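As structure tokens, the structure follows; a few thoughts come after it.
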Amino acid sequence: MAIVALTSLMSTLELEFLQSTPRPRSRVSLDEDESGLMGCLRGLMCCLLKHKPSVSLYGQVETLHEKLCSLQTFLRKFKRRGGGAKINDLEIKIRDFALKAEDHIEIQISNYLVAKDGGHPQNASEELHQTLREAAQNAAELLEMLNEEDDEVKMVGPENVMLSGSSQSQCFEGRIMVGRHRDRTSINRFLFEKGYRRGVIAIVGMMGIGKTCLARSIYNHPSVASHFQVRTWITLPQEYQHVNQTLRDLLSSISGVEPVATYIPSLSPLQLKIYQRLGSGRYLIVLDNLWDNSAWQHIERCFPRGDRNRILITTTHFNEKSYAGIKFFKHNMVFLDPKESWDLFCNILSPKESMAPKFEKIRSEVLEKCEGLPQLIVEVAKRLSKCNNIQQEWKKIEKEVELLGVLDRSVLARIYNQLSKYVNVCFLYFGVFPKRSEISVKTLIRLWVAEGFVELLEHKELENVAYEYLKVLVDRNLVFISRWSSNGKIKTCKMHGSLHTFCVGEAQKGGILCAVNIMQFPGVSLNAFANSCRWLSLYTHSFDYYVLFDTINSRSIFFFNENPEISVPLKLLRVLASVPPPFFRRMQMHFGDFIFLRYISVAQWFEGLDYIVSINSNLQTLVVSGNEPQATVRLPSKIWESPQLRHLELGNSYTVDPPSVDKKNFQTLSWVSPTYCQKEMYNKLPKLKALKIFLKDELELNCTCGSSSNPIILDNLDYLEGLEKLTISVSIDCTVTLQNQSMFPFQLKELRLSGLNLSEGHLTVIGMLPQLYVLKLENSFHGKVWEVSEGGFRRLRFLLLEAKNLEQLKANTYSFPYLQHLGLRFCYCLEKIPQCFAYSSFLRSIELKQCSPSVVAAAKQILEGRYRIRRRNFKIKIDGSEYEESQYPQVEMTWPRSQ
């Protein structure tokens with residue numbers, strides 16, 4: 001799509017030309033006084049100035065960038081209006097222009113570097129200047145076309161859309177509300193609660209999840225009808241443009257209520273009439289389908305703050321800032337579980353129970369494809385209830401669901417176009433992953449950064465900005481959290497199949513993505529797809545997506561299958577994800593092939609990878625997965641030669657020598673041998689945030705300490721002042737200890753120690769770390785008694801303790817005051833759980849694995865005690881079985897922000 005192509009081109013200009021920090025070899029960094037090129041490309045500007053071009057290179061880049069910004073602004077404005085045939089044609093032209101311009105610019109940069117190595121960069125520098133000038137001219141012509149189109153729209157004037165509040169959003173009329181017992185219980189508790197005068201209840205969830213149906217079941221319940229003197233339901237339009245129309249609908253719905261004489265000068269006459277009528281009794285107002293939170297600002301002043309008045313809204317996005325100063329309750333709706341899904345399916349079929357067994361053969365397939373989305377379940381059930389051949393009809397429906405989905409594409413497009421330009425692109429990027437796959441957030445963020453989708457903001461790490469983008473998508477119910485990490489951040493996420501279908505369709509329609517179905521081409525070369533898109537993703541799916549064949553240079557390739565036969569041009573690649581080693585062996589590699597490569601992840605190390613990494617000056621992330629039970633392989637130090645490397649993650653089968661030069665932007669290192677954990681290495685990694693230290697085999701042990709009988713001593717970690725996450729793991733039978741008890745960095749937030757030999761003194765020092773949120777002690781404390789020092793672990797939220805010899809854990813009410821999760825594993829000798837956990841108002845869960853019977857009994861007593869005193873949102877997990885307070889709804893864990 002044009003927005004994606006423009007964002008990518010602008011990011012390339014910013015990365016290669018406009019950053020203030022020089023990048024060796026590939027990036028062109030330009031001084032404002034045009035005095036020359038920084039780093040390896042300084043000679044390029046010299047050539048340009050020598051030949052006295054009419055406009056400097058810096059001026060060409062800046063002009064082009066400004067025009068691209070204008071194109072993007074105009075395009076987003078037209079898209080939000082709904083566009084038209086002419087705008088769609090212009091969008092295609094803009095997309096093609098941006099894709100080709102980026103290709104030409106990067107090819108010219110690559111040609112210059114190759115020519116420079118040969119000593120003849122003059123012609124290449126002139127061609128780059130010419131390419132930039134032509135791109136700026138083409139952008140200006142497109143901008144003029146958009147300006148002309150904008151003038152035509154202004155002459156015609158905006159459409160006068162009449163908005164009505166009388167229509168109802170889709171609900172499942174005549175059917176019993178299936179499931180949602182917890183939802184109703186939770187909302188009713190707030191609905192009837194005393195103690196404040198006016199409150200807002202927000203039912204939040206993705207399209208089709210049943211927000212309106214839930215609200216309707218609450219609204220129509222007899223207890224609600226008898227409690228509120230005034231009830232009214234307003235369904236807001238999808239495009240909120242005219243406030244007065246909604247206010248008139250609201251006034252009309254309460255016209256029979258006797259007004260109370262009140263005058264408030266700040267209200268308009270229409271607002272005042274509503275205020276006066278609602279002031280006569282306790283009211284419940286339902287605002288269904290609140291698409292835009294700004295609408296709330298226009299109508300909330302009409303609602304008096306009377307005794308126990310309530311406003312119930314349904315929305316896909318609840319912006320808490322818009323409700324500042326108002327008591328509100330946000331209820332996030334979740335997908336139906338398999339049992340609830342099947343109950344709903346059978347309920348839609350027929351009142352006759354005898355119909356359900358006919359569909360048992362396709363039950364698992366239906367549940368898998370519908371993924372707990374009520375709207376999809378209802379649509380499938382309605383279709384199948386009218387057919388004779390169930391299997392045949394289901395195959396037809398399944399294909400339609402996979403290819404088209406059931407959600408309103410026009411509504412999805414409107415939501416999509418409301419996102420910022422960077423988040424907009426990140427949303428479409430989910431199409432490169434297989435449908436229904438669980439995606440690592442760490443991987444996703446690094447890919448976004450590598451693609452250039454993350455805005456460069458002063459004093460903010462790119463990864464932090466990207467995480468904020470993800471939270472925007474989660475807040476708008478476009479992406480869902482699968483698992484939380486122990487530090488309270490999102491660990492993995494998923495996208496519902498219906499939304500994934502939209503992402504793939506939009507990206508493929510725009511010529512950006514090609515999702516090749518490996519199932520259709522077993523053992524066959526896929527080279528025909530190599531130049532058909534920017535994002536080439538190879539994975540198995542049920543049905544072929546539409547593929548737009550065009551001559552577009554691939555920028556990113558994703559291998560979700562072992563080794564498909566495919567060869568692609570390497571010259572402009574940015575991302576190679578999950579690459580099987582045979583792929584590289586088939587390719588003929590040259591110096592200029594990897595200038596722009598920023599992300600590589602491979603299943604295992606192979607000969608030649610050090611060459612690829614060392615010649616690449618843009619590489620940000622290198623992941624080598626291998627976690628095989630074999631001797632540790634020491635990798636060549638050439639890995640460190642890539643100047644932009646930020647993340648180096650090696651499986652525990654590999655280790656690497658420390659860098660010989662400073663790596664000022666480096667953030668993640670795993671795994672590294674204890675041999676290299678010295679002050680000299682730490683000083684070369686001043687911004688290191690995550691470090692994993694691993695000791696595996698006897699050979700490494702002998703290299704480290706001379707013999708297996710001597711202890712391995714770790715020290716000097718306190719030199720890593722910015723370190724936030726530390727893992728030390730020992731997988732062999734040896735003694736590893738810490739020489740200096742105060743060796744841990746002061747800003748440490750997560751600490752995992754496995755196989756060490758800690759004393760109580762070490763634990764006391766660890767407890768004093770002011771920022772520590774997560775502590776995992778796995779077979780690292782071998783004492784029989786651990787008496788937690790008073791005032792320790794003041795901010796700890798997550799504690800995992802694996803201690804086979806521990807008999808007593810002594811703690812009081814001042815120990816672990818904010819702990820939310822307690823995990824005990826293999827605590828065979830532990831007598832009991834300290835009573836302080838039973839009375840903690842912050843504790844949310846206890847997880848036990850192979851613990852003593854007395855500990856299991858104590859955990860169940862804690863659960864029962866919290867039930868009696870009505871402390872909510874607590875559960876225990878014992879050897880895989882969960883127990884929780886079924887009377888209360890389970891609410892997602894909330895994590896306080898770092899102070």
Side-chain angles (χ1 to χ4, degrees), residues 80 82 161-173 175 177 180 183-184 187 191 200-220 224 231-254 274 283-300 302-303 310-320 322-323 326 328-335 373-376 378-379 405-419 475-478 496 498-499 502:
R80 284 173 178 168
V161 181
M162 294 302 294
L163 307 181
S164 173
S166 60
S167 62
Q168 296 294 329
S169 293
Q170 182 184 14
C171 195
F172 315 134
E173 298 87 349
R175 303 293 179 182
M177 187 75 178
R180 304 303 186 194
D183 301 80
R184 288 194 296 268
I187 292 171
L191 197 66
V200 174
I201 302 169
I203 301 177
V204 186
M206 75 167 279
M207 294 172 57
I209 205 168
K211 301 183 295 295
T212 298
C213 291
L214 176 60
R216 179 63 69 183
S217 71
I218 293 170
Y219 181 82
N220 289 331
V224 174
R231 288 184 309 142
T232 188
W233 181 293
I234 299 294
T235 298
L236 298 170
Q238 292 176 0
E239 294 211 21
Y240 191 84
Q241 296 177 6
H242 300 296
V243 178
N244 287 341
Q245 182 61 46
T246 298
L247 294 178
R248 282 192 289 270
D249 290 333
L250 180 57
L251 180 60
S252 175
S253 66
I254 56 176
I274 296 172
Y283 63 80
L284 170 63
I285 308 295
V286 177
L287 300 177
D288 184 33
N289 195 37
L290 185 65
W291 287 93
D292 189 350
N293 281 287
S294 63
W296 170 255
Q297 305 297 328
H298 298 295
I299 59 179
E300 71 97 7
C302 302
F303 303 138
R310 298 291 182 268
I311 301 100
L312 177 64
I313 67 174
T314 67
T315 183
T316 57
H317 172 224
F318 181 76
N319 183 2
E320 295 182 5
S322 300
Y323 299 82
I326 299 173
F328 67 83
F329 172 71
K330 178 183 176 183
H331 181 79
N332 292 302
M333 293 193 69
V334 298
F335 299 109
L373 186 66
Q375 182 181 343
L376 184 50
V378 170
E379 291 296 325
V406 296
L407 301 180
D408 189 328
R409 296 186 72 87
S410 64
V411 175
L412 280 175
R414 187 174 297 112
I415 296 173
Y416 163 72
N417 289 323
Q418 287 175 346
L419 301 172
D475 288 344
R476 283 161 174 75
N477 286 279
L478 297 171
H496 192 276
S498 295
L499 292 169
F502 174 81

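Numbering starts at 1 and runs along the sequence shown. For clarity, every value in this text was computed on a predicted model and none was experimentally measured.
- Residue P374 comes nearest to G208 through the heavy atom pair CD-O, 3.5 Å, listed as atom of the first residue, atom of the second, then distance.
- With values rounded to the nearest 0.5 angstrom, S217 atom OG is found 10.0 Å from R180 atom CZ.
- For the atom pair L214 CG and I209 CD1, the distance stands at 10.5 Å (nearest 0.5 Å).
- Contact check for F318 versus N332: no side-chain heavy atoms found under the 4.5 Å cut-off.
- Note on ring orientation: taking the six-membered ring where Trp is involved, the planes of W233 and Y219 are perpendicular (angle over 60°, cut-offs 30° and 60°).
- The line from CG of N477 to NE2 of H317 is 9.0 Å long, rounded to the nearest 0.5 Å.
- The aromatic rings of Y416 and F502 sit perpendicular to each other, their planes meeting at more than 60°, with 30° as the lower class boundary.
- Taking CD1 from I313 and CD1 from I234, the interatomic distance works out to 14.5 Å, rounded to the nearest 0.5 Å.
- Checked by atom type and distance alone, the side chain of K211 pairs as donor or acceptor with a backbone atom of G205 at under 3.5 Å.
- Pairing each heavy atom of I285 with each of Y283, the nearest pair is CG1-CD1, 3.6 Å.
- Put simply, the side chain of N289 gets close to the backbone of L236: a donor and an acceptor are under 3.5 Å apart.
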Next on the checklist: Would M206 and L373 count as a side chain to side chain contact (heavy atoms under 4.5 Å, CB included) here? Give the steps.
Outcome noted: CA-CA 9 Å; M206 75 167 279; L373 186 66; 4.1 Å; yes

Next on the checklist: Under the criterion side chain to side chain contact (heavy atoms under 4.5 Å, CB included), I'd like the reasoning laid out for D249 against T235: C-alpha separation, chi angles, the key distance, then a yes or no.
Outcome noted: CA-CA 9 Å; D249 290 333; T235 298; over 6 Å; no

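- At a threshold of 4.5 Å between non-hydrogen side-chain atoms, the residues L287 and L312 do not count as touching.
- Put simply, the side chain of R310 never gets that close to the backbone of I201: no donor and acceptor are under 3.5 Å apart.
- To the nearest 0.5 Å, atom CE of residue M207 and atom NE2 of residue H496 are 12.0 Å apart.
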Item to check | Criterion side chain to side chain contact (heavy atoms under 4.5 Å, CB included) on T316 and R476, from CA distance to verdict | outcome: CA-CA 6 Å; T316 57; R476 283 161 174 75; 5.9 Å; no

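- Using a 4.5 Å heavy-atom cutoff, the side chains of I326 and W296 are in contact.
- Side-chain atoms of T212 and D288 include a donor-acceptor pair closer than 3.5 Å.
- The CG atom of L290 sits 11.5 Å away from the CD1 atom of I311 when rounded to the nearest 0.5 Å.
- Contact annotation: the side chain of T315 never approaches that of I203 to less than 4.5 Å [non-hydrogen atoms, C-beta and beyond].
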Next on the checklist: Working note: T232 + L250, criterion side chain to side chain contact (heavy atoms under 4.5 Å, CB included); need CA distance, chi angles, decisive distance, verdict.
Outcome noted: CA-CA 8 Å; T232 188; L250 180 57; 3.7 Å; yes

